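On a predicted model such as this, the values are computed, not experimentally measured, just so you know. Quick note on labels: first sequence line is chain A, next is B, and so on, each numbered from 1.
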Amino acid sequence: METYTLRRRADATPQERYRIDYAGELNESQYLAATTLEGPVLVIAGAGSGKTRTLTYRVARLVESGVPPGQVLLLTFTRKAAEEMLARASVLVGGSCDRVAGGTFHSFANTVLRRHGRPLGLTPAFTILDRSDAEDVVNLLRARAGLDRKERRFPRKGAILNVFSMAVNRSLSVPALVEEDYGHLADHLDDLLRLQDAYAAYKREQGLVDYDDLLVLLRDLLCGHTDVAAQLSRTYRYVMVDEYQDTNSIQAEIVRGLAVEHANVMAVGDDSQSIYSFRGANFRNIMDFERLFPGTQTITLDENYRSTQPILQLANAVIDRAPEKYTKILHTRRIDGTRPMLVQCADEETQARFVSQRILELREEGLSLDAMAVLFRSSYHSFDLELELQRHDIPFVKRGGFKFMETAHVKDVLAHLRLLANPRDAVSWHRVLLLLGGLGPKTAHDVYAHVSQAGDVRDAIARLGTYPRHGAYSKELGRLAELLAETTLEELPVDEKVGRIVGFYVPMLRHRHPEDFPKREKDLEHFLTIAARYRSLDALLADMALEPPSDSVGDVLAADLDEGLLTLSTIHSAKGLEWQAVFVIGMVDGRFPSLYNLRSDDEVEEERRLLYVAVTRAKEHLYLSYPIDIYDRATGMVLGKPSRFLEGLPSAVLTGLQVVEEPDDGESY
DNA sequence: AACAAGTTGTTTTTT
DNA sequence: ACAACTTGTT
């Protein structure tokens, strides 16, 4: 393609062009944080204290002061957060900041390891396993070891992987972890250890890397290969880490390694918003930063620009009851505002009706739907509400929670693509073969055994063609071999490969999911447009594993986009976001805090911080609601008490409200 | 008898 | 969507 070159703007020197009024746009602490460019800095940034703003201005300041954007590294919790910050910084400096390196720890590890992973024995074409891929591998190995047919019930694949992952992220051995937190698995310890070895060996043989490996390998690279570490450290001369309270010790070591040549690190975080301990984070880690980097300058941002005083009062009251004291108390200048309400509802349906009705009223008062959100502890807590919202034609998007159900079809297509990238990928072969009618686990296993003898993709597909065919699947197996042979051709563009696979797959999809077939087909169309943006299959596969397309397009298209969408979200996924009006539903003891998280004081305290995060999302209106007497099927318990975190709060902080039915006035139609 | 496919009860949070 | 179990096919 031809290029068209824009001339540099010659009307001003950089110094004259960017005249950003840092002191005018930022408060004193923010200004200090944004303009301290050298040396280690720890910013304790309370909720709504302008953290993103501060980071954005700091990026601008760095670029403005002559630092090449490529030497700035911005590590954030999601890729979206990084993109947003860079876009805003670009506006400030009147130029592009897209050469600033940014993303999640995992995506950064991915790019670095593909370029510098060789000393670790890693091929540059490694495949990333997402959570469910990793579970599939563990399942395969579990069956291979005969552990699925034991008298004593062996833990499920998900539980097994949790143990492995937790051990890595908390830097513990599996035996130590089992002793500490998984006592009920002590009987299976030997099998677990053998499985762990098998899992590691399998990944090594097949060039597979899971989420934890990405972090561990990067850490090993930085700590064990000082030449590479020095080179990377000179490349990224300014490192910024967002959401530091949710990093674990491996990530801390990565940061330390990246800064080995300069110590120009800014970590930003809030110890009272640490909510990812299940991923190995510990809120006390943020205090270790000062020990990791001697001479750290610590700056606290405690002025809140988001919420009204009554909302902050509740937030402070919630966190004030934590036995371990946190580093700051938020204050605001927005003195006026309505008090948050604690709403008691007879049951879940009543709660759903209350929320829907109140949302409609707020909309009447002029709030648009995208200024409102409903938050909850666990994804399934919103099921009743979703039905009620549909009844009222209130359009919404749901964020967070596992979404395997919606993505199974995308994963099926991806499995075909992965065969092209790696013909030895047993899990993908298994998945693809099982889609064929009349072909079950046994035959899939046999076919794989036959095919995996091959040296490369072509060879593997040729072998697929020679597999002795009999039975119902014979014809379909032949068609699969044909499809794979076509799509292996290297000159075929990525989107064309995906297109042919989708064409092959769609009839099977229709057969398997007749009810919601159209919606799923739309997802695949969407996936095709995504695939068209990639020139290499490997890059597509890597991105899909690290950040799969989040929202199913079917829902969004159906909605009336003019007035925006209501947000439904788990609290975890609501991190960093804000709305005018926030509803937190399911405030029942046993749901929030979750029954699964009450085994230790640390777990309870994490639930408390989770509520703190939820409450501090609200700008103006805040409703906490709970149904009484709901039956929890998982435990067989009846839950009827409001969350312990709200117990005994004075009504000056939290006003009670009881939802009652409209009295029947006897009129009929 | 071996294998595939259909049925039923559960599901924390996520890169 | 998974896993354990049951029913149906070759």
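Between the CG atom of A:L161 and the P atom of C:dA3 there is a distance of 12 Å, given to the nearest Å. The interatomic distance linking A:N162 (CG) with C:dC2 (C1') rounds to 15 Å, in whole Å. C:dA3 atom C1' lies 12 Å from atom CD of A:E135, rounded to whole Å. Here the P atom of nucleotide B:dT15 and the OH atom of A:Y244 are 20 Å apart, to the nearest Å. Look at CG on A:L217: it is 20 Å from P on B:dT15, rounded to the nearest Å. B:dA4 atom P lies 12 Å from atom CG of A:L477, rounded to whole Å. In this structure, A:H381 atom NE2 and B:dT12 atom C1' are separated by 8 Å, rounded to whole Å. The separation between A:F278 atom CZ and B:dT15 atom P is 9 Å, rounded to whole Å.
Using a 30° and 60° split on the angle between ring planes, A:F583 and A:Y623 fall in the parallel class, below 30°.
One can find a donor-acceptor pair under 3.5 Å joining the base of B:dT12 and the side-chain atoms of A:R377.
Between B:dT12, B:dT15, B:dC3, one nucleotide has an atom nearer to the side chain of A:K442 than all others, and that is B:dC3.
With A:Q196 as reference, A:V174 is the one residue of A:V174, A:L141, A:I160 to meet the side-chain contact (heavy atoms from CB on, under 4.5 Å) rule.
The shortest distance between the side-chain N/O atoms of A:N139 and the OP1/OP2 oxygens of C:dA3 is below 4.0 Å. Residue A:S107 places none of its side-chain N or O atoms closer than 4.0 Å to OP1 or OP2 of B:dT15. The phosphate of B:dT12 (OP1 or OP2) has no side-chain N or O of A:T570 nearer than 4.0 angstrom.
Nucleic acid contact for A:D446: none, since no nucleic acid atom lies under 4.0 Å from a heavy atom of the residue. Note on A:Y276: only backbone sugar-phosphate atoms sit closer than 4.0 angstrom, heavy atoms only; bases stay farther off. Nucleic acid contact for A:T443: sugar-phosphate only, since backbone atoms but no base atoms lie under 4.0 Å from a heavy atom of the residue.
The ring-ring contact (aromatic ring centres under 6.0 Å, His included) test applied to A:F77 returns A:Y276, not counting sequence neighbours. Checked against side chain to side chain contact (heavy atoms under 4.5 Å, CB included), A:R256 has the following partners two or more places apart in sequence or in another chain: A:A259, A:L292, A:F293. Remark: A:T52 engages A:T56, A:M85, A:R88 in a side chain to side chain contact (heavy atoms under 4.5 Å, CB included) (not counting sequence neighbours). Legend: residues meeting side chain to side chain contact (heavy atoms under 4.5 Å, CB included) with A:P642, ordered by chain and number and at least two apart, are A:Y626. Judged as a ring-ring contact (aromatic ring centres under 6.0 Å, His included), and not counting sequence neighbours, the contacts of A:Y244 are A:F289. In this view, A:Y236 and A:F108 satisfy the ring-ring contact (aromatic ring centres under 6.0 Å, His included) rule, not counting sequence neighbours.
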Report all interatomic pairs (protein N or O, nucleotide N or O of nucleotides 5-8 of chain B) with separations under 3.5 Å.
from  : atom 1 : to     : atom 2 : distance (Å)
B:dA5 : OP1    : A:G438 : N      : 2.5

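Residue pairs satisfying the salt bridge (Lys or Arg N to Asp or Glu O under 4.0 Å) criterion with at least one member in residues 276-285 of chain A, sequence neighbours excluded, are listed as follows: A:R284-A:E324, A:R284-A:D602.
Listed here is the closest heavy atom pair of A:A47 and A:D270: N-OD2, 3.6 Å.
Listed by first residue number, the stems of DNA chain B with at least three Watson-Crick or G-U pairs below 3.5 Å are B:1-10 with C:1-10.
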